[in-house]
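Below is one structure, written out as structure tokens, with a few remarks after it.
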Amino acid sequence: MSDVIQTLSETVWGGVITPADTDYDEARAVYNGMHDRKPLAVVQCADAGDVMTVIAAAREASLDLAVRGGGHSVPGFGTVDDGLVLDLSKMSNVQIDPVKKIARVGGGATWGAVDHATYPFGLAAPGGIISTTGVAGLTLGGGIGYLTRSVGLTIDNLLSADVVLADGRQVTASDYQNEDLFWALRGGGGNFGVVTNFEFQLHEVGDIVGGPMFYDFNDAAAVLAGYRDYIAEAPEQLGCFFGWQIAPDLPFMPKDRVGDLLCVLVTCWNGPHEEAERVLKPLRDIAEVVAEHVGVMPFPALNSAFDDAVPKGMQNYWKADFITELTDEAIAIHVEHGARTPHISSSMHLHPINGAAQRVGADETAFGHRDKMFSPVVAGIWDDPADNEANIKWVRDYYDAIHPHSGSDGGYVNFMSDDDDERAPANYGANYERLAQVKAAYDPDNVFHVNQNIVPANGS
Ligand SMILES: Cc1cc2nc3c(=O)[nH]c(=O)nc-3n(C[C@H](O)[C@H](O)[C@H](O)COP(=O)(O)OP(=O)(O)OC[C@H]3O[C@@H](n4cnc5c(N)ncnc54)[C@H](O)[C@@H]3O)c2cc1C
């Protein structure tokens, strides 16, 4: 095996980090602190040539290959024991074409880098709600965030991707070339190759009006119902998700509420500022707002506002569904389990995926659940591994109780844990069979299997 590492060290331009290096522990660490895996080497690729070299080395030595963008995968797909980690974090360049409103983004960039590069032009690409998340994993799974209702999922704004395939070729996938690959990349995860560059359509987003509005837990059922009813019809420039939140000790939080379990609506209005109060009023009218931090702010400020609440290295265990209808019965179950939210970083988030996201056909991209109203996630996030059992139990009990009310077997692949791998067929619904065929065409030997795996149609 040392021959492989030796050859990689001599050929890779970026860098090869092995257990013998002092920065090995830092290099192998991924976001979810639960995954303490020990790869043979972390290869920090500098360019597509390095990517080709690492894929070839893994194949020749029959080593498991983990591909890492931002490293945020809750199941820890960005690392592997006794295999190779292909780390793209050095390939994080972001270039903006302000005339065509296009961003070209390296396969290892984070959303913070994209926001930073697009904001000065008054533009943005639709990413998620945390700036440290990787562009690659989030995009390849679908991409849900503040702009979903107005401009669609992240994949709905993907124009093309440069991909190094399992056989070492680099191709471009778009509506005009390798169309089957482009279809599969938009939701099918890291199953088809290593994306070295993404090209996104940008949209006019500068300073938004938004931020969190907090309500007393006793009003939670009313807030969930009022939010459900309003977000179904609200202007599409309004992004807004619901969550449970133990009140943080921040300047806008009344001192006597710090530590209380509250519920929160996090808003993002990307329309004319003078209309913001009118648009947000129905949410304010649901119940008394006990604290808020809503105002005009740069879009990147909202996108990074909660980064500190969920730092790298904590324990993470998540469960997810898609839901068609949030019934009153389901709301009662949410309130029952939300009441036991065990940690300030844990929550259940309810993200709307209506509006522009629903105007894309279920078979137009691999992301098949285009008729769904919400993408909920029960996200258990806590510090101490000694508390794993209790926190995992909270997530499982909550999920077991709410899942029968989802009206769907599938969920968002990016919001799942490592014990959800068998859910892949349900997560893609009618698109799964086609995904398995595209997988067989581009990765018949399943080289890219450290992911929520789509088994090649030929059964490899
Ligand atoms: C704190 C936090 C907040 C989040 N918020 C959101 C959100 O608002 N919206 C949302 O939609 N999701 C969100 N997610 C989920 C997120 O989309 C997934 O965790 C996603 O997989 C992260 O991508 P990554 O590149 O950081 O992860 P990684 O762990 O690096 O990779 C995830 C998967 O993508 C593959 N992959 C990575 N890079 C490449 C590449 N260049 N080419 C091919 N395959 C690649 C990996 O092999 C792996 O299977 C969040 C996750 C966390 C932990």
Side-chain angles (χ1 to χ4, degrees), residues 29-33 35 45 48 51 55 64-80 85-89 91-92 105-112 126-148 153-155 161-166 173 184-185 187-198 239 241 243 266 268 302-304 306-318 320 345 347 349 351 353 357 367 375 377 379-381 412-418 421 443 447-454:
V30 289
Y31 174 81
N32 186 354
H35 304 296
C45 296
V51 173
I55 294 173
D64 285 334
L65 177 66
V67 179
R68 187 191 301 167
H72 263 209
S73 157
V74 170
F77 291 140
T79 184
V80 69
V85 172
L86 191 164
D87 177 357
L88 291 138
S89 58
M91 296 171 63
S92 57
V105 180
T110 61
W111 282 104
I129 61 160
I130 299 289
S131 79
T132 51
T133 304
V135 170
L138 180 141
T139 301
L140 296 170
I144 296 168
Y146 293 113
L147 303 178
T148 300
L153 301 174
T154 307
I155 49 170
D162 297 335
V163 191
V164 180
L165 302 174
L185 287 175
N191 273 282
F192 306 95
V194 178
V195 179
T196 52
N197 273 297
F198 295 89
F241 69 88
V266 182
C268 175
L302 183 61
N303 260 345
S304 56
F306 306 110
D307 290 3
D308 290 347
V310 287
K312 182 176 175 178
M314 295 179 80
Q315 310 289 298
N316 280 256
Y317 184 77
W318 300 16
S345 297
S347 189
H349 284 176
H351 295 272
I353 48 172
F367 189 101
S375 176
V377 55
I381 308 179
Y412 179 35
V413 288
N414 276 346
F415 285 164
M416 294 198 175
S417 288
D418 38 358
D421 284 1
D443 184 19
V447 171
F448 304 112
H449 61 266
V450 184
N451 45 44
Q452 193 174 85
N453 200 228
I454 293 163

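In each ligand, atom 1 is the first atom listed, and ligand 1 is the first ligand listed. Numbering starts at 1 and runs along the sequence shown.
In this structure, the side chain of Thr139 engages the main chain of Val135 through a donor-acceptor pair within 3.5 Å. Formation of a donor-acceptor pair under 3.5 Å by the Thr154 side chain with backbone atoms of Pro126 is found in this model. Remark: side-chain polar atoms of His72 are not paired, donor with acceptor, to backbone N or O of Lys312 under 3.5 angstrom. Side-chain atoms of Arg68 come within 3.5 Å of backbone N or O of Gly78 as a donor-acceptor pair. Looking only at distances, a side-chain donor or acceptor of Asn414 sits under 3.5 Å from a matching main-chain atom of Leu138. No donor-acceptor pair closer than 3.5 Å links the side chain of Asp162 to the backbone N or O of Asn197. Judged purely by atom type and a 3.5 angstrom limit, Asp443 has no side-chain atom pairing as donor or acceptor with the backbone of Leu165. Remark: side-chain polar atoms of Asn32 are not paired, donor with acceptor, to backbone N or O of Val30 under 3.5 angstrom.
Residue contacts with ligand 1: Gly128 is placed with no nitrogen or oxygen under 3.5 Å of a nitrogen or oxygen of the ligand (distance criterion only). Any N or O atom pair closer than 3.5 Å counts here, and Arg68 shares no such pair with ligand 1. For ligand 1, none of its N or O atoms has an N or O atom of Leu140 under 3.5 Å away. Between Gly137 and ligand 1, an N or O atom pair is found at a separation short of 3.5 Å. Every N/O-N/O distance between Val74 and ligand 1 stays at or above 3.5 Å. Polar contact with ligand 1: absent for Gly190 (N/O pair, distance under 3.5 Å).
At the shortest separation from atom 1 (C) of ligand 1 among protein heavy atoms lies Tyr31 OH, 3.3 Å. Taking atom 7 (C) of ligand 1 as the reference point, the nearest protein heavy-atom neighbour is Ile144 O, 3.4 Å. Of the protein's non-hydrogen atoms, Leu138 CD1, 3.3 Å is the one closest to atom 10 (C) of ligand 1. Among all protein heavy atoms, the one lying closest to atom 4 (C) of ligand 1 is Thr133 OG1, 3.7 Å. Among all protein heavy atoms, the one lying closest to atom 15 (C) of ligand 1 is Asn414 O, 3.4 Å. For atom 22 (C) of ligand 1, the closest non-hydrogen atom of the protein is His72 CB, 3.7 Å. The single protein non-hydrogen atom nearest to atom 51 (C) of ligand 1 is Trp318 CH2, 3.5 Å, given as residue, atom name and distance. The protein heavy atom nearest to atom 8 (O) of ligand 1 is Ile129 N, 2.8 Å.
Neither the backbone nor the side chain of Tyr146 has any atom closer than 4.0 Å to an atom of ligand 1 (non-hydrogen atoms only). Heavy atoms of Val195 found under 4.0 angstrom from ligand 1 belong to the backbone as well as the side chain. When non-hydrogen atoms are compared, ligand 1 lies under 4.0 Å from the backbone of Val450 (N, CA, C, O) but not from its side chain. When heavy-atom distances to ligand 1 are checked against a 4.0 Å cut-off, Tyr412 comes that close only through its side chain, counted from C-beta outward.
The two atoms that bring Asn191 and Gly188 nearest to each other are ND2-O, 3.0 Å, heavy atoms only. Of all the heavy atoms in Ala309 and Ser345, the pair that sits closest is O-OG, 2.7 Å. Between Gly142 and Leu153, the shortest heavy-atom contact is O-CB, 3.7 Å.
Remark: ligand 1 atoms within the under-4.0 Å shell around heavy atoms of Asn451 are 49 (O). Listed by atom number, the atoms of ligand 1 under 4.0 Å from Ile130 heavy atoms are 3 (C). Of all the atoms in ligand 1, the ones that sit under 4.0 Å from a non-hydrogen atom of Gly107 are 41 (N). Proximity to Ser73 (heavy-atom distance under 4.0 Å) selects the following atoms of ligand 1: 19 (O), 27 (O), 28 (P), 29 (O), 32 (C). Close contacts of ligand 1 with Gly70, meaning ligand atoms under 4.0 Å from a residue heavy atom, involve 24 (P), 25 (O), 26 (O), 30 (O). Taking a cut-off of under 4.0 Å to the non-hydrogen atoms of Leu88, the atoms of ligand 1 that pass are 40 (C), 41 (N). Within the listing of ligand 1, atoms 42 (N), 43 (C) sit less than 4.0 angstrom from a heavy atom of Val194.
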Using the rule given for side-chain contact (heavy atoms from CB on, under 4.5 Å), can you reason through Phe192 versus Ile454, listing the C-alpha separation, both sets of side-chain angles and the distance that settles it, and then say yes or no? CA-CA 9 Å; Phe192 306 95; Ile454 293 163; 4.2 Å; yes
Please determine whether side-chain contact (heavy atoms from CB on, under 4.5 Å) holds for the pair Val266 and Phe306, giving the CA-CA distance in whole Å, both sets of side-chain angles, and the decisive distance to 0.1 Å. CA-CA 11 Å; Val266 182; Phe306 306 110; 3.8 Å; yes
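Remark: Tyr317 engages no residue in a ring pair (Phe, Tyr, Trp, His ring centres under 6.0 Å) (not counting sequence neighbours).
With Ala161, Ala136, Gly193, Gly189 as candidates, the residue nearest to atom 40 (C) of ligand 1 on a non-hydrogen basis is Ala136.
At least one heavy atom of Phe415 sits less than 4.0 Å from an atom of ligand 1. Proximity of Gly71 to ligand 1 is established by a heavy-atom distance of less than 4.0 Å. For the pair Gly143 and ligand 1, a heavy-atom separation below 4.0 Å is found.
In summary, the aromatic rings of His351 and Phe415 are positioned with their centroids under 6.0 Å apart.
None of Asn451, Leu88, Val450 except one satisfies the side chain to side chain contact (heavy atoms under 4.5 Å, CB included) rule with Val67; the exception is Leu88.
For the residue pair Ser131 and Asp307, a side-chain donor N or O sits within less than 3.5 Å of a side-chain acceptor on the partner.
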